[in-house]
Amino acid sequence: MLRKLKTIKPLYYLLLGFPLAVLGSLLRWNPVFTFASACVGLVPLAGLIGEATESLAAVTGPRIGGLLNATLGNAAELIITIVAIKAGYLELVKASITGSIIGNLLLVMGFSLLLGGLKNGTQRFSRAHAATNATMLVLAVVALSVPSLFNHSLSGASLPGTITEAMSLGVAVVMIAVYLLGLFASLRSKDSALAQAAPAEAPRWPPRASVLVLVLATAAVVWLSEILVHEVDAVMKASGLSEFFLGIILIPIIGNVAEHLVAAQVAIKNKVELSLEISLGSSLQIALFVAPVLVFVSLLLGQKLNLVFNQFELLAVTTAVIVAALVSSDGETNWLEGVQLLAVYLILAVAFFFLPK
Amino acid sequence: MLRKLKTIKPLYYLLLGFPLAVLGSLLRWNPVFTFASACVGLVPLAGLIGEATESLAAVTGPRIGGLLNATLGNAAELIITIVAIKAGYLELVKASITGSIIGNLLLVMGFSLLLGGLKNGTQRFSRAHAATNATMLVLAVVALSVPSLFNHSLSGASLPGTITEAMSLGVAVVMIAVYLLGLFASLRSKDSALAQAAPAEAPRWPPRASVLVLVLATAAVVWLSEILVHEVDAVMKASGLSEFFLGIILIPIIGNVAEHLVAAQVAIKNKVELSLEISLGSSLQIALFVAPVLVFVSLLLGQKLNLVFNQFELLAVTTAVIVAALVSSDGETNWLEGVQLLAVYLILAVAFFFLPK
Amino acid sequence: MLRKLKTIKPLYYLLLGFPLAVLGSLLRWNPVFTFASACVGLVPLAGLIGEATESLAAVTGPRIGGLLNATLGNAAELIITIVAIKAGYLELVKASITGSIIGNLLLVMGFSLLLGGLKNGTQRFSRAHAATNATMLVLAVVALSVPSLFNHSLSGASLPGTITEAMSLGVAVVMIAVYLLGLFASLRSKDSALAQAAPAEAPRWPPRASVLVLVLATAAVVWLSEILVHEVDAVMKASGLSEFFLGIILIPIIGNVAEHLVAAQVAIKNKVELSLEISLGSSLQIALFVAPVLVFVSLLLGQKLNLVFNQFELLAVTTAVIVAALVSSDGETNWLEGVQLLAVYLILAVAFFFLPK
């Protein structure tokens, strides 16, 4: 979703992380170093996939382009989580879904509004599109909460696994359908911020080059994801951080660095509507599309990823959605609202940090 | 509340369900068939009570008419639930209260906005009245949640029955008082959608005929309710559905078919404010008036219906109210918002379906 | 925060409670009488502290004045709770924090809107400032909920005390930082209701007299608080009320009588924006400033006050914030919204009353 308005050159130096991670993995260097290198290398690769997708989208026209963005927009996160599912880190995957939603809504949006507000004072935007997004976000919270909350009856008993699996699949179908209908509606509407911004955007690369970049970057992301997931156990032992903390705070930050930079750049240029679109759109995509798709993908991989989140994840997502909806629904933002979003993220991060393993 | 703007003729064929149910009950036919016939027969009878009430209301003037609508507007549902209380199906009754609220907010409003939006594009309306309704709905959720959530302390212990009974009675008094004050306020206000629509409406039947229809239809509803409730056990056994599922999904659909049709008709005619009024008003009436009245009625019948709902019912009502409030609060609606409401209903229905008995 | 627009003379007769409480405490009169006298005496003293603060603020200019109001605005409540912490009544203190928030949002705002609406019909105000306050309130709920909800995992186990203590301290730092940034933003903004109202306000007393009143009233509040807290045990035994009920209903009413009167007076004069500012501002101050400060103060006093509230307190605060945010967010209020707020308070009070000790 128009993540790479301008190339952010310095990011490319981080590509150095790729060879370091590969070497570290082959030569069995310190796992924490290898893990960190893989994280660093993933940042520009995620950016490259996004940029190639948009170059392609500029050529294919808005319809197919919208679909491309919708499916490939969070490709790096999708690949990392699929590799993690294959390796059986289901808690890590669910935590990283939650973490990616709250990261986009609180960190990305928070920094953007803070910087944009400090630069431009109060920023105004049309409420109509933000209202639709807010309703979609609440719908996503409902979809993620229902199987989770139905799983824990007050008597303390949990539902049998087959029932939560069936519930998750049923809910996942509804989520994907609503996401696609929402996509269809926003592609048809003429007044969307994206539709207005898109024509100005010339393709950065010719189609062939785009496809090549896409294939290479995707392959590299797969490789780095394998390395990253392979070192998770060693990193947890060495750092004392829990699988849950890695998933909910660390992994999402890696996947969202590019969104961060673009959303903040755009907000500083006083295009607050587009900035909100990036952070809200990305969370929505993860909540309503990536999460349910992973439920089906996990079945193919012989794992059973359900949509039963723990209470901390639900609390974090619900909180983030309510605060983000409030902030984005009144048609104007200022630096203080950015501070408020960041404060909620900090409060949650403090709580997650102290949560015993 | 102005449910029958136009007669919906084809519905009257469903009156055939009445003799079939009576015969089935007397001749001990298959209970599922008898039950289904009673359901079918109740649909037009609920419509007739509504229409007779409005014919009377057109004669008596807005004040008494408003009171008539307020007390008889959900008469069919009230009768079914009273008969069910007498037979001791308290879980069914509580589930059907919840189901009726979510049915009106999600199914009725969802279909209306979907059809209205497909026909008319974006539909606009005044936010003022919708905002008051949204606050009332949240108040209703609070009223229904407080006794329920206070009942389950985190230690897992429940409160003694006498205390929840006392709490429910106290809360019920406050609910009825607020409902009546709200009714008083809306009858006094000149700018309500109902007040504007009402004068245009000529009484369909003369007063005498209205009273006769009211008495006959009410008697028939009582009869069918007795048959329906009598077959509940046999139907649960035969169909494998739980008392909870029957109460939360099936019973409310029967009682709300008329609202469905009128709200959708009105929305298609681009009168979205009136359409919202029907679905929001009907939920409010059930939550703030029917539910607390049933608490007192149950005492007269020697049963103790309290306002302690289970977590699934609370989750469903809270969810429905939040999404409906969001959708109806921004002053405009489109088909996608209809889809969003229906999606929430579907997600909840999937979860209720898989919930073990 | 501009609590004492006009002197409310009759309140000063209540100063009689001070000598009665002192005598009662020395001569060991009936504890309930002594307790009641202390309560009565605290009402005008809280008012005097507020008035002296504002007289000082009028001289020092808006910046320092704002800080004075921010720190001394709820001085009486702060003193009572500190004395109660010293005596180890931590449940009472936490309940009174919650009670003060819901009292301001539901009782004070409810009565103000009811009386203002009955006098002036629909009252309109600018939504912008109310929206910022609403977001701050939601942030406060998040801050108060996170340690509480993280403490109770679904398995029923609680976190060890050291972890909740660490979490509470971390969250408290974030809360105070956000509160101060919010204060900074509102002092800088030219269009705040307070900034407009303030210039009209002449200092009531010369600075020296203000400082003297401040010192004397504070000393008297400390004395009365000691007496009040000393009699808590005896009063609980004599009245049958729980520590929780005293804390959540009774103590906050004493501390907020002055706010009540001023907010209602202002609303009757059709200055609804200022009236909302008083009730919203006071709750915000308690939630985001008094509560976290008490966490640190308790450490100095050798007690460990954490931010883990029980489910009833959380439910009450969450409910109050949502309803107050809804009511204050649409830019207009009427008497019915006042009734709705009071109804929520009544429902909660009924539930708290029936809650077993």
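So you know, we letter chains A, B, ... as the sequences are listed, proteins then strands, and number each from 1.
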Notebook entry, point to check: When rounded to the nearest 0.5 angstrom, what is the spacing between CD1 in Ile278(C) and CE in Met109(C)?
Noted result: 11.0 Å
Margin query: Let me confirm one number: the CG-CD1 distance from Leu294(A) to Ile286(A), rounded to the nearest 0.5 Å.
Written below: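 If I round to the nearest 0.5 Å, the distance is 10.0 Å.
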[X] and [Y]: side-chain donor and acceptor closer than 3.5 Å?
X	Y	result
Asn310(A)	Lys94(A)	no
Asn120(A)	Lys269(A)	no
Asn334(C)	Gln123(C)	no

Margin query: Checking an interface table here. Which of residues 134-144 of chain C come within a heavy-atom distance under 4.5 Å of chain A?
Written below: Ala134(C), Thr135(C), Met136(C), Val138(C), Leu139(C), Val142(C), Ala143(C)
Margin query: With a 4.5 angstrom heavy-atom cut-off, is it the side chain or the backbone of Phe352(A) that approaches chain C, or both, or neither?
Written below: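 Both backbone and side chain of Phe352(A) come within 4.5 Å of chain C.
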Item checked: Proximal component of Ile347(A), with respect to chain C [non-hydrogen, under 4.5 Å] -> both
Check: For Leu341(A), which of Leu336(A), Ile102(A), Leu107(A), Leu106(A) qualifies under side-chain contact (heavy atoms from CB on, under 4.5 Å)?
Finding: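 That would be Leu106(A); it is the only one of Leu336(A), Ile102(A), Leu107(A), Leu106(A) passing the side-chain contact (heavy atoms from CB on, under 4.5 Å) with Leu341(A).
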Notebook entry, point to check: Taking only residues at least two apart or on different chains, which pairs with a member in residues 111-124 of chain A satisfy salt bridge (charged side-chain N to carboxylate O under 4.0 Å, His left out)?
Noted result: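 Every salt bridge (charged side-chain N to carboxylate O under 4.0 Å, His left out) pair that includes a residue of residues 111-124 of chain A, provided the two are not neighbours, is Arg124(A)-Glu332(A).
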